[in-house]
Protein chains: 2
Amino acid sequence: MAGQIDLDRTTVADEIVALLRDRIVRGELTPGAQLSENEIAQQLGVSRTPVREAFIQLREQSLLRILPQRGSFVAPINLGQVEDSYFLRETMEIRIVGLAAKNCKAKNADRLRAIVNRQRTLLDGGSDAAFVKADDAMHRYFSEICGRPRVWKVISDAKVQIDRLRCLNAQDQSTRERIVGDHERIVDAVVGGDADAAVGAMTHHLRHIHKNIERLAQQFPGYMDGQKFPSSRAAEARAQRVGDMTARRRTADNNQP
Amino acid sequence: MAGQIDLDRTTVADEIVALLRDRIVRGELTPGAQLSENEIAQQLGVSRTPVREAFIQLREQSLLRILPQRGSFVAPINLGQVEDSYFLRETMEIRIVGLAAKNCKAKNADRLRAIVNRQRTLLDGGSDAAFVKADDAMHRYFSEICGRPRVWKVISDAKVQIDRLRCLNAQDQSTRERIVGDHERIVDAVVGGDADAAVGAMTHHLRHIHKNIERLAQQFPGYMDGQKFPSSRAAEARAQRVGDMTARRRTADNNQP
DNA sequence: ATAAGTGTACTACCATGCAAGTTAACCGGG
DNA sequence: CCCGGTTAACTTGCATGGTAGTACACTTAT
């Protein structure tokens, strides 16, 4: 039993959730790829129980499809679900940013400036993950400013499906620069207390994201919803080789270690 | 091993989730009540495994608090969370009803009329559960009309915390009549294609609900957030006696049935 | 050669057993 | 009477074993 997983003081199942969720969202595990309880358990050096518990949680997050007695597969990116996620995010964030503009104190303004400044420093050298994290930080902080920190969790959970789509290819430099510019304009309006301008800037920002969603959806039709599951072994085998986690499956030949 | 649980073709764990979720939301299991994996498993005639998997899902829905090696307790009703749930619901439903008014076809109008008519028939004889179900049906259908059926799931999940609060005492007749009246005004506006009127009526309707929330929160302070968990055995014992599910715990005296 | 039948290797599901940790009651000494 | 130490009965977390069901490959009959 190795100590491959040791981050903080949560259960093993929760750590596996975080691990697999990250791999699925980042696209390392692609839609349709098969994940077996046994296999994950062996690779992580734990028993099947916490893995199974993690699978159930991922299913509830619409990231995994569990077919009883057949297998567990990374869920396809449901385009309708992506659209609904965007709808929810847009609706909530637009209202939130308007409220934030009316409630922004001096301390909030300082923090907002710091957040976007940090994001700008990440423009060149920063990794994609760090940039995304800084991106989220601003949106999340608006939720805090208007006194509703838990609302961000709902938005964030819905946003996962959007993030999966976005992670299909890395953002180019011009896109990242536009994002930071958008953020700076939004923060300017919020700090200035101009709710209408804030809502307008946020709307503009999110619409750009929506355009990207549509482009990516057309670019990667294979990962989208229509895909059937148990059939089409060829497609699954192709998907499996993307991540090393599902690289080789055991066969009758190499049963013993 | 009895066949106490047999509804449809899902896993045992999922049925336990539905069962316990219902008991918690309806207030049969009150905040602070202890639920042990062993006890539930025995009462349902299943092993601890599916019960445990159900507990984890309920934890993710903020309905259960699992303290490792200590116990699992029905979560208190977090007032901040209730407020955030209301905020989300209000924001989403107001936008949705405006869109529904613009998109309402003749077929939708007929179904809306049918839904409120049915709710009115339930005004006198109907059970509380049936009335609530009919209530939800209208709100859910608005989500369908504007082509975003999945958004209702998010609203509904958030609404659980509000429902817990509401179920603390049954609605009196005048409240139910006011609700149906509200619904009829909303439907009138939507069917008439008047988005502004629909938004106004929905806002009015939801504000009433919010007033009720505040009243109930003051009425039942014991179920609210501040409650500590492992301490105050007296409060827990009191809570336990509410539902027969947790009526008597085994002690050293009555081990055998 | 094609189609139906059979076996085998997988899958997720659930039952059970053990371990680590917490709590509360009990008991003896101050 | 009050306080500290011990023990016993709980709790959840994790490991493991057995079972029903599925799918694929092989065999056999047509």
Side-chain angles (χ1 to χ4, degrees), chain A residues 1-6 9-17 33-42 44-56 58-59 64-73 228-234 236-237 240 246 248-256, chain B residues 1-6 9-17 33-42 44-56 58-59 64-73 228-234 236-237 240 246 248-256:
Chain A
M1 320 278 176
Q4 282 129 331
I5 31 184
D6 266 299
R9 205 66 182 109
T10 65
T11 66
V12 175
D14 291 338
E15 298 188 25
I16 299 175
V17 169
Q34 184 166 9
L35 271 73
S36 120
E37 293 178 2
N38 259 313
E39 199 171 350
I40 305 286
Q42 286 184 10
L44 267 54
V46 297
S47 92
R48 292 180 348 249
T49 305
V51 175
R52 174 173 168 72
E53 292 166 359
F55 275 25
I56 293 176
L58 292 169
R59 181 196 63 176
L64 206 63
R65 280 251 236 277
I66 303 179
L67 307 184
Q69 274 73 37
R70 289 207 266 178
S72 303
F73 306 85
K228 289 202 214 81
F229 272 103
S231 61
S232 178
R233 278 283 178 194
E236 282 175 21
Q240 280 166 18
T246 54
R248 59 188 156 72
R249 312 288 306 262
R250 283 181 322 290
T251 65
D253 300 322
N254 55 350
N255 254 335
Q256 68 285 2
Chain B
M1 322 282 175
Q4 281 130 329
I5 30 183
D6 266 300
R9 207 66 182 106
T10 64
T11 66
V12 175
D14 291 338
E15 298 188 25
I16 298 176
V17 168
Q34 184 166 10
L35 269 72
S36 125
E37 294 177 0
N38 259 313
E39 198 170 349
I40 305 285
Q42 286 184 13
L44 268 54
V46 298
S47 91
R48 274 182 49 217
T49 306
V51 175
R52 175 174 169 71
E53 291 166 0
F55 275 26
I56 294 176
L58 292 170
R59 181 196 63 177
L64 206 63
R65 281 250 236 279
I66 303 178
L67 308 184
Q69 274 73 38
R70 288 207 268 177
S72 303
F73 305 86
K228 290 203 213 78
F229 272 103
S231 61
S232 177
R233 277 285 179 191
E236 281 176 20
Q240 280 165 20
T246 54
R248 59 189 156 71
R249 310 288 307 263
R250 283 180 321 287
T251 65
D253 300 321
N254 57 348
N255 254 334
Q256 68 285 1

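By convention in this document, chain letters (A, B, ...) are assigned in the order of the sequence lines, proteins followed by strands, and residues within each chain are numbered from 1.
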* Asked: Which nucleotide, dT12(D), dA15(C), dA15(D), lies nearest any side-chain atom of V46(B)?
  -> dA15(C)
* Return the value, rounded to whole Å, for the distance between atom CD1 of I16(A) and atom P of dC14(D). => 8 Å
* Asked: Taking CZ from R52(A) and P from dA15(C), how many angstroms apart are they, rounded to a whole number?
  -> 11 Å
* Asked: For dC10(C), does OP1 or OP2 lie under 4.0 Å from any side-chain N or O of R70(A)?
  -> no
* Asked: Rounded to the Å, how far apart are E53(A) CD and dC13(C) P?
  -> 13 Å
* Under a 4.5 Å cut-off applied to non-hydrogen side-chain atoms, are Q34(A) and E39(A) in contact? -> no
* Indicate the atoms forming the closest heavy-atom contact of F55(B) with L35(B), along with that distance. => CE2-O, 3.4 Å
Under 3.5 Å, N/O pairs linking protein and nucleotides 5-8 of chain D:
none

* Length of the line joining I66(A):CD1 and dT22(D):P, which is rounded to integer Å -> 17 Å
* Earlier contact from the 5' end, DNA chain D, for Q69(B) and T49(B) -> Q69(B)
* Looking only at heavy atoms, what is the nearest atom pair of V17(B) and L58(B), with distance? -> O-CD2, 4.1 Å
* S47(A) has a side chain; which of dA15(C), dC14(D), dT11(D) sits nearest to it? -> dC14(D)
* Asked: Side chains of I16(A) and L44(A): does their closest heavy-atom pair fall under 4.5 Å?
  -> yes
* Asked: Rounded to the nearest Å, what distance is computed from the CD1 atom of residue I56(B) to the C1' atom of nucleotide dT12(D)?
  -> 10 Å
* How long is the line joining CD of E39(B) and C1' of dT11(D), in whole Å? -> 12 Å
* Asked: Under 4.0 Å between a side-chain N/O of S72(A) and OP1 or OP2 of dA12(C), yes or no?
  -> yes
* Asked: Among dC13(C), dT12(D), dA15(D), which is the nearest nucleotide to the side chain of E37(B)?
  -> dT12(D)
* For R48(A), side-chain hydrogen bond (donor to acceptor under 3.5 Å, both in side chains) partners two or more places apart -> none
* Asked: Of the non-hydrogen atoms in A13(A) and P50(A), which two are nearest, and what is the gap between them?
  -> CB-O, 3.6 Å
* **Interatomic distance where CD belongs to Q34(B) and C1' belongs to dT23(C) [whole Å]** => 11 Å
* **Whole-Å gap separating C1' (dC14(D)) and CZ (R48(B))** => 10 Å
* Asked: Rounded to the nearest 0.5 Å, how far does CD of E53(A) lie from CD1 of I56(B)?
  -> 3.5 Å
